A.B. asks: 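So that we are looking at the same thing, I have put the structure below in structure tokens.
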Amino acid sequence: MYRDVKLAPAADKAKPAAIAITLFANTKTLPHAYAALDKAHAGILSAALERPDFSAGPNSILTLFSHAEKGVRIYILGLGEETKFDSQRLREAGAQVLTACLAARITSLSILTAAALGDRSSGAEAGRALGEGLGMANFQYEDQKGAAAARPDKSKAKPIDLTVRFEASLRAGAEAGLTIARATNITRHLIATPPNIANPAYIVSQARKLAAGAGLGFSVIDYKQAKKLGMGGLCAVGQAGSTPPAMICLQHKPAKARNKAPILLVGKAVTFDTGGYSLKINNGMLGMKYDKSGGMAVLGAMLAIARLKLPVNVVALIPTVENMIDQGSYRPDDIITMHNGVTVEVTNTDAEGRLILADALSYGCEKYKPAAVIDLATLTGGVVVALGSVCAGIFCTDSNLRSAMMDAAEQSGERIWHLPLWQEYRDMMKATHADILNSAPVREAHPIQGAAFLSYFLTDGATQMPTIPWAHVDIAGVAEAKGGSPHYRKGPTG
Ligand code: BES
Ligand code: ZN
Ligand code: ZN
């Protein structure tokens with residue numbers, strides 16, 4: 001891994017050790033903008049294009065060694081067919097070239113792409129996608145590698161940085177992309193950290209440090225305060241954890257947006273989900289350190305928002321618990337009074353995420369009067385059954401917020417798919433001895449049951465479908481990558 005991947009200073013005139021260009025598939029003649037480069041390297045590019053086996057297919061990378069300049073490499077990054085182009089191709093190209101540079105321990109790279117892209121992409125969009133791809137590929141969780149790991153001794157290997165030069169039109173976008181990727185990698189690192197280290201207390205202490213470094217407002221509601229505030233869900237789920245439950249509060253409040261109602265982000269951070277007394281079966285518990293993905297993604301988003309100095313007022317709430325078993329844990333049949341006074345009969349202690357999110361949503365709506373609310377959670381196995389690992393499920397009854405979310409998904413290459421939330425689903429959650437159940441007695445529509453449950457805890461949601469713009473994103477299927485794409489290696493996607 002590089003210690004950092006960063007932008008070269010604008011005035012940097014030093015010759016890079018590697019140069020990368022992008023091309024669409026089936027390019028027959030070299031774009032004019034690459035002519036000077038081709039000439040400087042004795043026609044090496046045009047010679048490559050003339051070969052019958054040259055393709056520039058999606059995700060391809062071809063390494064050429066310059067004869068004209070000893071030691072210089074030229075990478076040709078394939079973008080696939082021009083008519084099928086989207087920014088994801090550039091993310092992958094960025095990831096491919098990072099991986100190639102790292103293997104060769106290259107420390108300076110220049111990327112040329114604007115001419116090949118033409119009007120298929122703006123400089124801002126292309127720069128951001130390349131920056132994200134480069135940064136995202138520079139991730140590996142190595143903290144726990146031990147005596148059997150095949151890698152050089154950490155204390156002897158000098159860390160190296162990669163400095164990347166972009167065309168002027170891409171610079172600002174690339175800077176943003178690298179910033180976003182750095183934040184995402186912090187998220188991935190925290191998610192990969194195992195539950196015997198990353199318990200709720202650890203998450204709180206890491207969040208405190210990271211918030212201070214990024215200039216975010218930070219406070220924490222501890223177990224005692226949560227009890228006082230009536231956060232029955234957070235307290236019940238977390239009461240058998242190895243450390244007590246907590247609610248992390250982060251705020252980004254730039255002067256420009258001081259008087260605007262904030263956007264509220266909420267993320268589920270269950271550091272480990274055993275299922276509780278409704279114990280997970282058939283080794284379904286394995287991988288449940290990923291159950292903090294939503295909360296860690298919200299933390300990463302806040303770090304990026306602060307570093308990018310976005311002119312928006314944003315509050316984040318991250319409830320964190322460990323869902324464990326002991327004589328003090330909550331059990332099926334318990335009835336809990338939540339922060340907004342709604343009572344919940346626990347029918348399944350494995351439907352714990354919604355209980356901690358509910359208190360965060362209720363507290364956040366009451367305290368901050370947000371203009372919009374977005375929550376992220378690995379909430380249900382059902383969403384994985386429905387949508388697989390290709391996209392997340394989104395529930396949003398507000399059409400403006402929904403289309404903003406869809407646009408953001410398109411731009412970021414992180415797909416979401418809209419699922420319904422109607423009154424009938426809220427009715428499914430009604431209970432006999434309390435107001436609602438945390439899981440209905442039928443196996444139907446699990447992801448929607450989760451969303452319907454949460455809807456009871458937003459402003460005016462206890463008695464009707466909430467009217468506040470709100471999006472619930474169930475990320476259970478997309479939190480972990482099985483490997484296969486260049487910028488999402490096996491492990492947490494962030
Ligand atoms: N953390 C799980 C959801 C999950 C499952 C995430 C698989 C990633 C992969 C969640 O807390 C859970 O256990 N949900 C239950 C809900 C059910 C009891 C209503 C589920 O999906 O089975
Ligand atoms: Zn669970
Ligand atoms: Zn869970």
Side-chain angles (χ1 to χ4, degrees), residues 191-192 195 198-200 203 233-234 236-241 245 266-297 318-325 329-334 344-360 375-393 395 419 425-426 428-429 431 436-454 456 472-482 491-494:
I191 296 168
N199 51 36
I203 296 298
L234 182 78
V237 178
Q239 68 202 18
V266 174
K268 168 180 174 180
V270 174
T271 61
F272 193 67
D273 183 11
T274 65
Y277 275 107
S278 313
L279 197 64
K280 287 189 180 290
I281 55 164
N282 294 334
N283 217 16
M285 208 182 286
L286 186 67
M288 279 302 140
K289 69 173 179 180
Y290 283 82
D291 218 17
K292 55 186 177 308
S293 296
M296 297 306 92
I318 305 170
T320 180
V321 298
E322 189 179 6
N323 190 18
M324 298 285 275
I325 295 174
S329 33
Y330 81 134
R331 59 218 131 207
D333 279 355
D334 280 0
V344 176
E345 183 174 343
V346 177
T347 45
N348 193 321
T349 60
D350 198 10
E352 84 298 340
R354 61 198 70 183
L355 292 169
I356 68 169
L357 290 171
D359 281 336
D375 77 78
L376 296 178
T378 48
L379 207 69
T380 66
V383 85
V384 196
V385 174
L387 301 174
S389 293
V390 174
C391 64
F395 299 84
L419 295 167
Y425 294 108
R426 279 170 57 92
M428 275 175 88
M429 307 313 290
I436 56 174
L437 309 165
N438 77 331
S439 175
V442 290
R443 274 197 50 169
E444 292 170 5
H446 264 182
I448 318 183
Q449 285 187 35
F453 179 89
L454 295 177
Y456 281 88
H472 160 58
V473 191
D474 192 336
I475 58 169
V478 295
E480 182 181 6
K482 304 281 182 272
T493 60

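As a basis for the values below, the full set of heavy atoms in this structure was taken, side chains included, without hydrogen atoms, waters or symmetry mates. Predicted model, so just to flag it, every value in this text is computed and none were measured. Both ligands and their constituent atoms are indexed starting at 1 by order of listing.
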A.B. asks: Rounded at 0.5 Å granularity, tell me how far CD in Glu352 sits from CD in Glu322.
C.D. replies: 11.5 Å

A.B. asks: Can you tell me the protein heavy atom closest to atom 21 (O) of ligand 1 and the distance?
C.D. replies: Gly381 N, 2.6 Å

A.B. asks: Give every donor-acceptor pair under 3.5 Å between a side-chain atom in residues 440-454 and any protein atom, sequence neighbours left out.
C.D. replies:
from   : atom 1 : to     : atom 2 : distance (Å)
Gln449 : OE1    : Ala440 : N      : 2.9
Gln449 : NE2    : Val442 : O      : 3.3
Gln449 : NE2    : Glu444 : O      : 2.7

A.B. asks: Would you call Lys280 a ligand 1 contact, heavy-atom distance under 4.0 Å?
C.D. replies: yes

A.B. asks: Looking at Thr274, is its backbone amide N or carbonyl O close enough to the side chain of Asn323 to form a donor-acceptor pair, meaning the two atoms are under 3.5 Å apart?
C.D. replies: no

A.B. asks: Only heavy atoms of Thr380, strictly under 4.0 Å: list the atoms of ligand 1 that pass.
C.D. replies: 3 (C), 21 (O)

A.B. asks: For the Zn ion (ligand 2), report each protein N, O or S atom nearer than 2.8 Å, sorted by chain and then by residue number.
C.D. replies: Asp273 OD2, Asp350 O, Asp350 OD1, Glu352 OE1

A.B. asks: Which atoms of ligand 1 have any heavy atom of Glu352 under 4.0 Å away?
C.D. replies: 11 (O)

A.B. asks: Once you round to the nearest 0.5 Å, how far does CG of Asp474 lie from OG1 of Thr380?
C.D. replies: 4.0 Å

A.B. asks: Which protein non-hydrogen atom lies closest to atom 6 (C) of ligand 1, naming both residue and atom, and how far is it?
C.D. replies: Ala476 CB, 3.7 Å

A.B. asks: Any idea which atoms of ligand 1 are less than 4.0 Å away from a heavy-atom of Lys268?
C.D. replies: 1 (N), 10 (C), 11 (O)

A.B. asks: As a check for students: among Asn348, Thr274, Val237, Val383, identify the option with a heavy atom nearest to atom 18 (C) of ligand 1.
C.D. replies: Asn348

A.B. asks: Would you check if the side chain of Lys292 reaches a backbone N or O of Phe272 as a donor-acceptor pair within less than 3.5 Å?
C.D. replies: no

A.B. asks: For atom 19 (C) of ligand 1, what is the closest protein heavy atom, and at what distance to 0.1 Å?
C.D. replies: Ser439 OG, 3.3 Å

A.B. asks: Counting only heavy atoms, which portion of Met285 has something under 4.0 Å from ligand 1: side chain, backbone, both, or neither?
C.D. replies: neither

A.B. asks: Considering non-hydrogen atoms of the protein only, which is the closest contact for atom 12 (C) of ligand 1, and what is the distance?
C.D. replies: Asp350 O, 3.2 Å

A.B. asks: Taking the side chain as everything from C-beta on, heavy atoms only, tell me whether Ser439 gets closer than 4.5 Å to Thr347.
C.D. replies: yes

A.B. asks: When you compare the side chain of Ser293 with that of Ile475, does any pair of heavy atoms fall below 4.5 Å?
C.D. replies: yes

A.B. asks: Going by distance only, is there an N or O of Gly353 that falls short of 3.5 Å from an N or O of ligand 1?
C.D. replies: no

A.B. asks: Could you tell me the separation between the NZ atom of Lys268 and the OG1 atom of Thr378, rounded to the nearest 0.5 Å?
C.D. replies: 4.0 Å

A.B. asks: Which protein non-hydrogen atom lies closest to atom 7 (C) of ligand 1, naming both residue and atom, and how far is it?
C.D. replies: Met288 CE, 3.6 Å

A.B. asks: Below 4.0 Å, non-hydrogen atoms only: which portion of Arg354 touches ligand 1? Side chain, backbone, both or neither.
C.D. replies: side chain

A.B. asks: Which heavy atom of Arg331 sits nearest a heavy atom of Tyr277, and at what distance?
C.D. replies: CB-CD1, 4.5 Å

A.B. asks: For Tyr330, what residues pass the ring-ring contact (aromatic ring centres under 6.0 Å, His included) criterion, not counting sequence neighbours?
C.D. replies: none

A.B. asks: Starting from atom 17 (C) of ligand 1, what is the nearest protein heavy atom, named by residue and atom, and what distance separates them?
C.D. replies: His446 CE1, 3.9 Å

A.B. asks: At a 4.0 Å threshold, what atoms of ligand 1 neighbour a non-hydrogen atom of Thr378?
C.D. replies: 1 (N), 2 (C), 3 (C), 6 (C)

A.B. asks: With Asp273, which residues qualify under salt bridge (Lys or Arg N to Asp or Glu O under 4.0 Å), at least two apart?
C.D. replies: Lys280

A.B. asks: Below 4.0 Å from any atom of ligand 1, is there a heavy atom belonging to Lys292?
C.D. replies: no

A.B. asks: Using only atom types and a distance under 3.5 Å, with no angle test, would you say the side chain of Thr349 pairs donor to acceptor with the backbone of Ser278?
C.D. replies: yes

A.B. asks: Determine whether the side chain, the backbone, both or neither of Leu379 has a heavy atom under 4.0 Å from any heavy atom of ligand 1.
C.D. replies: backbone

A.B. asks: With rounding to the nearest 0.5 angstrom, report the OG1 to CD1 distance, Thr271 to Ile203.
C.D. replies: 7.0 Å

A.B. asks: Are the side chain of Ser389 and the backbone N or O of Gly477 linked by a donor-acceptor pair below 3.5 Å?
C.D. replies: yes

A.B. asks: In the protein, which heavy atom is nearest to atom 1 (N) of ligand 1, and how far is it?
C.D. replies: Asp291 OD1, 2.8 Å

A.B. asks: Please report the closest heavy-atom contact between Gly494 and Ile191, naming both atoms and the distance.
C.D. replies: CA-CD1, 4.5 Å

A.B. asks: Name the closest protein heavy atom to atom 2 (C) of ligand 1, giving the residue it belongs to and the distance to 0.1 Å.
C.D. replies: Asp273 OD2, 3.6 Å

